[in-house]
Each structure stands twice: as C-alpha cells, then as structure tokens.
Amino acid sequence: MMSYTPLLRAGDAAPDAMLTGPDGAALRLATLWDERPLVLAFLRHFG
Amino acid sequence: MFCRRALASLAGNRNAYEVRGARVAAVTMGDVEETVAFCGPRAPGLLCLADPKRDAYRAYGLGLVGAAEVFAPSVMVAGVQAVLAGHTQGIPMGETRQMPGLFVIAAGGRVLLAHYSRTVADHGDHKDILAALG
C-alpha cells in the first residue's frame with residue numbers, strides 16, 4: 001500500500017530537529033525526550 | 001478531515017499517555033500562527049509545533065503521498081466516518097502530498113514505535129502507543 005520506504009524502526013536513534021513552539025521560540029525536539037518518553041504525531045495538511 | 005480527526009484523537013488520549021510519563025506533541029506544516037489557530041480550539045493545552053519547511057518530516061522519513069495512499073477503499077470509508085464524526089474538510093495548507101506519521105520515543109531518544117501511515121486516513125493506533133509506552 002505504502003509507496004515509500006519507512007526510514008526509522010524501533011530501536012533506532014530518533015532524529016533531532018529544530019521546530020518552532022506556539023510562542024514563536026525555536027525548540028529543539030530532543031529537549032522533549034531528554035527525561036521523558038515522547039508521543040510525537042506528524043499531521044497532514046490542515047484540510 | 002483526517003488531520004482534524006488525528007488531532008482530536010491525540011488530544012482525547014493525551015491523559016492516558018501522560019499518566020505513563022510521556023509528553024505529547026503534534027507537528028504541523030503551518031507557520032506558528034496557522035499552527036496555533038489550528039490546534040488551539042481543537043486541542044487546548046496540547047503542544048503543537050510548527051515545521052513549515054518540513055525539515056522534521058523529512059528527518060523522520062515521512063514521504064509524499066502516492067495514488068495508493070489516497071484512493072484505497074479504506075480511505076473512502078474512513079472519510080465518511082470522519083465527516084459523520086464531525087471532522088469536516090477544511091482548506092488544505094502546506095504540502096498537500098505530505099504523509100503523516102506517528103512516533104513514540106523513549107527518554108534518551110530511542111525510537112519505541114515508528115508508524116508510517118499506510119494511507120492518508122491512517123494516523124496510527126492508540127493501543128500501539130500504549131503498548132510502546134508500557
């Protein structure tokens with residue numbers, strides 16, 4: 001069904017990335033999992 | 001409509017994840033204003049992050065949609081179900097071909113669950129998240 005190959009699997013190191021928080025400040029993703037697990041959902045477009 | 005349903009599911013199950021010690025975050029392709037406008041009313045208090053250049057989407061290997069992910073019969077059924085549940089279709093923003101995905105990451109940065117959506121209607125399973133969190 002899927003037309004692309006998944007990059008990550010369980011056990012892999014999670015990629016870090018710079019995102020922007022709701023206050024407009026830059027936020028490093030890795031800071032969200034430094035002490036606690038993280039449930040991270042990537043959404044599709046806003047439609 | 002599927003992104004709205006996914007956000008509602010995440011917000012509705014957020015407490016179940018947080019009692020297991022997890023943080024919960026959603027990433028959108030919008031800028032900060034668009035992200036706040038989208039998430040604020042639908043998921044109050046949920047951390048929503050803006051990634052308008054889709055750097056994080058690419059870093060996590062989330063691909064672009066193909067015909068198989070859009071025209072699957074399961075997508076049509078899920079679309080009807082989403083509308084009936086009140087998750088109507090809005091005006092698409094960002095890269096409309098972008099596929100979603102769901103990840104559970106352990107403290108320290110190891111991937112516990114990597115869910116690559118099989119169709120545009122697939123946003124992962126709550127039970128799989130709970131199982132990954134243990």
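Keep in mind that what you see is a predicted model, and the values were worked out from it rather than measured. Both backbone and side-chain heavy atoms feed into the values below; hydrogens, waters and symmetry mates do not.
Between the B/R23 side chain and the A/L38 main chain, no donor and acceptor come within less than 3.5 Å of each other. No donor-acceptor pair closer than 3.5 Å links the side chain of B/Y17 to the backbone N or O of A/V39. One N or O on the side chain of A/R44 and one on the backbone of B/Q98 form a donor-acceptor pair closer than 3.5 Å.
To the nearest 0.5 Å, the span separating OH on B/Y116 from CG on A/L8 amounts to 3.5 Å. To the nearest 0.5 Å, atom OG1 of residue B/T35 and atom CG of residue A/L19 are 10.0 Å apart. The distance from atom CG of B/L49 to atom CE of A/M18, rounded to the nearest 0.5 Å, is 11.0 Å. Atom CG of A/L29 sits about 12.0 Å away from atom CG of B/D55, to the nearest 0.5 Å.
Side chains of B/L133 and A/P37 form a contact here, defined as non-hydrogen atoms less than 4.5 Å apart.
Using a 30° and 60° split on the angle between ring planes, A/F42 and B/Y57 fall in the perpendicular class, above 60°.
Residue with the most contacts toward chain B among A/L32, A/L40, A/D16: A/L40 (heavy-atom pairs, distance under 4.5 Å). Heavy-atom pairs under 4.5 Å with chain A were tallied for B/A132, B/A26, B/C39; the largest tally goes to B/A26. Among the candidates B/G101, B/G124, B/G40, B/P52, the residue making the largest number of heavy-atom pairs closer than 4.5 Å to chain A is B/G101.
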Subject >> Derivation of the side chain to side chain contact (heavy atoms under 4.5 Å, CB included) call for A/L43 and B/V27 >> reply: CA-CA 6 Å; A/L43 302 178; B/V27 182; over 6 Å; no

